[in-house]
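Let me begin by presenting the structure, written as structure tokens, before commenting on it.
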Amino acid sequence: MTAPAPNESGRSRRARRLDLVARRRGLTFRRARALLAGALVLGIGATATLAAWTDQENAKATLTAGTFALESLVSGGSWTDTTAPAAAAVLPLAATGMMPGTSKAAWIQIRTKAGSGAGTVNLTGVTLATTPADPTVDPNKSFSDALTVRIGTVATTGDCVPSWTGGSLATKVGTLPTGLTPATVGANSTLVAIYCVVVTLPTNAANAAQGGSVTPTWAFTGTSS
């Protein structure tokens with residue numbers, strides 16, 4: 001039997017090696033292509049998730065602040081806004097020519113204006129038009145020091161008489177009485193507060209008070225609720 005030529009045997013081995021390398025390269029290429037395809041599918045899926053459709057609904061409201069305002073009424077007058085001290089309602093006390101032992105009474109009604117919210121009202125201050133310094137030479141000072149004032153709420157205007165003993169007492173006309181509690185006033189001019197003011201010149205008023213004159217202004221402050 002004739003043996004193969006050496007050069008032919010070598011070519012055969014080289015051919016087998018080249019064929020093996022080619023098959024390995026083909027396998028590697030197919031694997032890489034599969035991975036790229038998988039990555040492409042994964043990428044498309046991720047993009048689809050992030051690009052979801054959106055929509056929204058909205059709501060709005062208009063908000064406005066309410067108001068709180070008072071007005072007052074005295075006997076013989078009409079409902080008036082007397083916020084400015086210069087526009088203070090004049091209480092018809094008829095307290096001219098007072099003698100020792102004399103008391104005078106007058107009422108003032110306070111309510112909210114139309115459209116106003118509810119709240120409370122209370123006496124919060126009193127001022128005198130003049131404040132004389134020396135009672136020994138000034139009858140105005142002696143007179144104001146001698147006067148006492150009783151103030152409080154009553155059920156009806158008819159309850160406000162000189163002999164009324166309710167409310168709280170101030171021993172001087174220029175000071176606030178203690179112990180007053182706020183009165184309720186309803187919204188839209190309902191639930192009126194009626195205050196009674198009784199001014200008394202005691203029987204022991206000093207002689208120096210003769211001819212004296214004083215003009216107190218009482219301030220009633222409302223607070224919304």
Side-chain angles (χ1 to χ4, degrees), residues 57-96 98 103-131 140 144-145 147-200 213-225:
E57 298 299 320
N58 301 285
K60 70 177 182 179
T62 299
L63 309 178
T64 59
T67 60
F68 179 74
L70 300 176
E71 57 187 2
S72 59
L73 172 70
V74 296
S75 179
S78 58
W79 287 102
T80 308
D81 183 346
T82 60
T83 299
V90 178
L91 286 172
L93 284 166
T96 57
M98 292 184 71
S103 292
K104 301 290 184 178
W107 51 261
I108 178 172
Q109 298 186 55
I110 301 174
R111 70 181 185 185
T112 58
K113 289 184 177 181
S116 170
T120 59
V121 64
N122 202 4
L123 177 65
T124 56
V126 57
T127 57
L128 302 180
T130 58
T131 309
N140 294 340
S144 65
D145 284 348
L147 288 170
T148 65
V149 181
R150 184 175 295 277
I151 300 179
T153 55
V154 291
T156 68
T157 57
D159 296 326
C160 187
V161 294
S163 59
W164 178 66
T165 57
S168 298
L169 181 67
T171 56
K172 290 185 179 181
V173 71
T175 60
L176 278 174
T178 59
L180 282 176
T181 57
T184 300
V185 286
N188 294 307
S189 305
T190 61
L191 197 58
V192 178
I194 306 174
Y195 279 90
C196 182
V197 179
V198 177
V199 178
T200 299
S213 178
V214 64
T215 304
T217 299
W218 292 279
F220 296 87
T221 301
T223 303
S224 63
S225 60

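Heavy-atom basis, side chains included; hydrogens, waters and symmetry copies ignored. If you read the sequence from its start, that first residue is 1, and numbering goes on from there.
The line from CZ of F68 to OG of S224 is 6.0 Å long, rounded to the nearest 0.5 Å. Between the CG atom in N122 and the OH atom in Y195 there is a gap of 4.5 Å [rounded to 0.5 Å]. Taking CZ from R111 and CG from L70, the interatomic distance works out to 11.0 Å, rounded to the nearest 0.5 Å. Note that OG of S103 and CG of L147 are 10.0 Å apart. Values are rounded to the nearest 0.5 Å. The NZ atom of K104 lies 14.0 Å from the CG atom of L91; values are rounded to the nearest 0.5 Å. Interatomic distance, CG of L123 versus CD1 of I108, reported as 10.5 Å (0.5 Å rounding).
Here the side chain of N188 pairs no donor or acceptor atom with the backbone of A114 at under 3.5 angstrom. Without hydrogens or angle criteria, S168 side chain to T178 main chain gives a donor-acceptor distance under 3.5 Å. The main-chain N or O of S78 is found under 3.5 Å from a side-chain atom of T80 such that the two form a donor-acceptor pair. Judged by distance alone, the side chain of R150 and the main-chain N or O of G166 form a donor-acceptor pair under 3.5 Å. Judged purely by atom type and a 3.5 angstrom limit, S116 uses its side chain to pair as donor or acceptor with the backbone of A69.
Between A183 and T153, the closest heavy-atom pair is CB-CG2, 3.9 Å. Of all heavy-atom pairs between L180 and I151, the closest is CD2-O, 3.3 Å. Residues T157 and Q109 come closest through the heavy atom pair CG2-NE2, 3.6 Å. Taking each heavy atom of G117 and T112 in turn, the nearest pair found is O-CG2, 3.3 Å. The nearest pair of heavy atoms linking V161 to C196 is N-SG, 4.4 Å. Here the closest heavy-atom approach between residue W218 and residue V199 is recorded as CH2-CG2, 4.4 Å.
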Is there a side-chain contact (heavy atoms from CB on, under 4.5 Å) between K113 and T67 once you walk through the steps? CA-CA 9 Å; K113 289 184 177 181; T67 60; over 6 Å; no
What verdict does the side-chain contact (heavy atoms from CB on, under 4.5 Å) test give for V214 and N140, after you've listed the backbone C-alpha separation in whole Å, the side-chain angles of each residue and the deciding distance to 0.1 Å? CA-CA 6 Å; V214 64; N140 294 340; 5.8 Å; no
Test V90 against V74 for side-chain contact (heavy atoms from CB on, under 4.5 Å), laying out the working first. CA-CA 7 Å; V90 178; V74 296; 6.0 Å; no
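Applying the salt bridge (charged side-chain N to carboxylate O under 4.0 Å, His left out) criterion to D159, with sequence neighbours excluded, gives no partner residue.
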